[in-house]
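Step one of this worksheet: look at the structure below.
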There are 2 protein chains.
Amino acid sequence: MYYMSAAFDLPQIEPDGFERADAARNRERILCAARRLFDERGAGCVSMDEIAEAAGVGKGTLFRRFGSRASLAAAVLSERERDLQEAIIRGEPPLGPGAPACERLIAFGEALLDMLDTHSELLLAAETGPARFEHPAYRVHRLHVVLLLAEADPDCDSEMLAETLLAALGAELFIYLRRARGISLARLKEAWREQISRTLVAAEPV
Amino acid sequence: MYYMSAAFDLPQIEPDGFERADAARNRERILCAARRLFDERGAGCVSMDEIAEAAGVGKGTLFRRFGSRASLAAAVLSERERDLQEAIIRGEPPLGPGAPACERLIAFGEALLDMLDTHSELLLAAETGPARFEHPAYRVHRLHVVLLLAEADPDCDSEMLAETLLAALGAELFIYLRRARGISLARLKEAWREQISRTLVAAEPV
DNA sequence: CACCCAATCGGACCATGGTCCGGTTAGTAA
DNA sequence: TTACTAACCGGACCATGGTCCGATTGGGTG
């Protein structure tokens, strides 16, 4: 564990201090309805009005609690994201600590690609809007990649490289490559592996 | 010139065969108004209704001619895009033919970053929607990068690498890095250079 | 138990991207 | 010149993400 996990926790779905009983009940209802509808019909085919109605809640409540469609999608995804972060921080190598940085990077990308493969639409919804790069989940991924890059090659501009490498794992590109181009998940993983090893090979003494 | 330019021309703003006089006049009016409004107030702050009104044209006409907001933005950008393609196909090295593939790749990314620096909002508007990757301009960029990668390193998966490298030049990321993070254009170019040389260094016999 | 206030609720409302179709007009042929 | 038709025009209309504010209610306090 080379950084404290506490500082980079998930977005707080749980409220700050106190929460009124009706508010808590509505939050749960909304998340439950959203989860169900997204799952049933695909995240792209569910409107916010429908979610509000299914949750038995007004539209105002829905938006006050979750701010935006993207934010709601992120909240629905938070459980999976939590699992991923857990695996990164305390899980088995190569995703977790213990393996060389290069292998951890490859494992991280593969894990993200797996997540994209099962939740691409939800991730796409979560990635819309300019707040995307400020979202806690993205920050965690970025920091993780930055630190691994710096560890693997102290000479590289890890901050910039992390940003551009993560761009390759965006949901929009993923969906296009898989659906429109018919590229397999395996090939995407292979490409990620190739890109990481090419990026880091310079650091290894030949 | 290692590929025929004709096959990869710009999206046809010019109509197929014949165009009625009123249609031609309206197309010109729309493009002119859009150019002016985008320029005056930033592409993000102009609605389609405003463009239609400024052009003295109904909303239906606007959408029939250009299909979508993204498509209109792309049409407004087409002149710059044409210049870029001209420079790539027939211009001076290293952007044009003649330089080593690696240097041409670096020059291409820098040219795109320059374009982003002056037209980021317009490019952002043009990049919204799933049609983004099917747009003729993107196809040209992709093909260019694919061919240069294959030339520089025949062993690489040039198709996939091109896609992920181009993701690093997306307008959304660019705007975030420049505005929210305050990263200079020079550093972005430097990062692109680093990423390309790292990606291709493996091909050079050490 | 009664009171009070702040937090919450919810639906009416708005802006905007995009669609549709009845009316109009440009170009053609006689 | 006139008649005809296909293309075009434009504004009413729709769906949806997001905002606002008056009404409501939870829960602490005397």
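Computed from a predicted model, the values in this text were never measured in an experiment. A, B, ... follow the sequence lines: proteins, then strands. Residue 1 opens every chain.
- Looking at B/Arg193 and B/Glu190, a side-chain N of the basic residue comes within less than 4.0 Å of a carboxylate O on the acidic one, giving a salt bridge.
- Atom CZ in B/Arg29 sits roughly 16 Å away from atom P in D/dC8 (whole-Å rounding).
- Residue B/Asn26 places at least one side-chain N or O closer than 4.0 Å to OP1 or OP2 of D/dC9.
- Of the possible polar contacts, none joining the A/Ser71 side chain to the A/Ser68 backbone as a donor-acceptor pair under 3.5 Å is found.
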Please list, for nucleotides 27-30 of chain C, all pairs of protein and nucleotide N/O atoms separated by less than 3.5 Å.
unit_1, atom_1, unit_2, atom_2, d
C/dG27, OP1, B/Ala21, N, 3.0

### Task
Given side-chain hydrogen bond (donor to acceptor under 3.5 Å, both in side chains), test B/His119 with B/Glu81 step by step and report yes or no.
CA-CA 11 Å; B/His119 302 96; B/Glu81 177 61 28; over 6 Å; no

### Contact pattern, 5' to 3', of nucleotides 14-20 of chain D - B, S or - by protein heavy atom under 4.0 Å
---BBBB

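- Taking the charged nitrogens against the carboxylate oxygens, B/Arg181 and A/Glu163 do have a contact shorter than 4.0 Å, which makes a salt bridge.
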### Message
Evaluate A/Ile51 against A/Val57 for side-chain contact (heavy atoms from CB on, under 4.5 Å), listing each step before the verdict.
### Response
CA-CA 9 Å; A/Ile51 294 171; A/Val57 145; over 6 Å; no

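- The two atoms that bring A/Phe108 and A/Leu84 nearest to each other are CE1-CD2, 4.5 Å, heavy atoms only.
- Between B/Tyr176 and A/Phe133, the two ring planes are parallel [angle under 30°; tilted spans 30° to 60°].
- Counting to the nearest Å, the C1' atom of C/dA7 and the CZ atom of A/Arg27 are 15 Å from each other.
- If you take CZ of B/Phe66 and P of D/dC8, they are 13 Å apart, rounded to a whole angstrom.
- Nearest heavy atom pair, residue B/Leu113 against residue B/Leu185, reads O-CD1, 3.8 Å.
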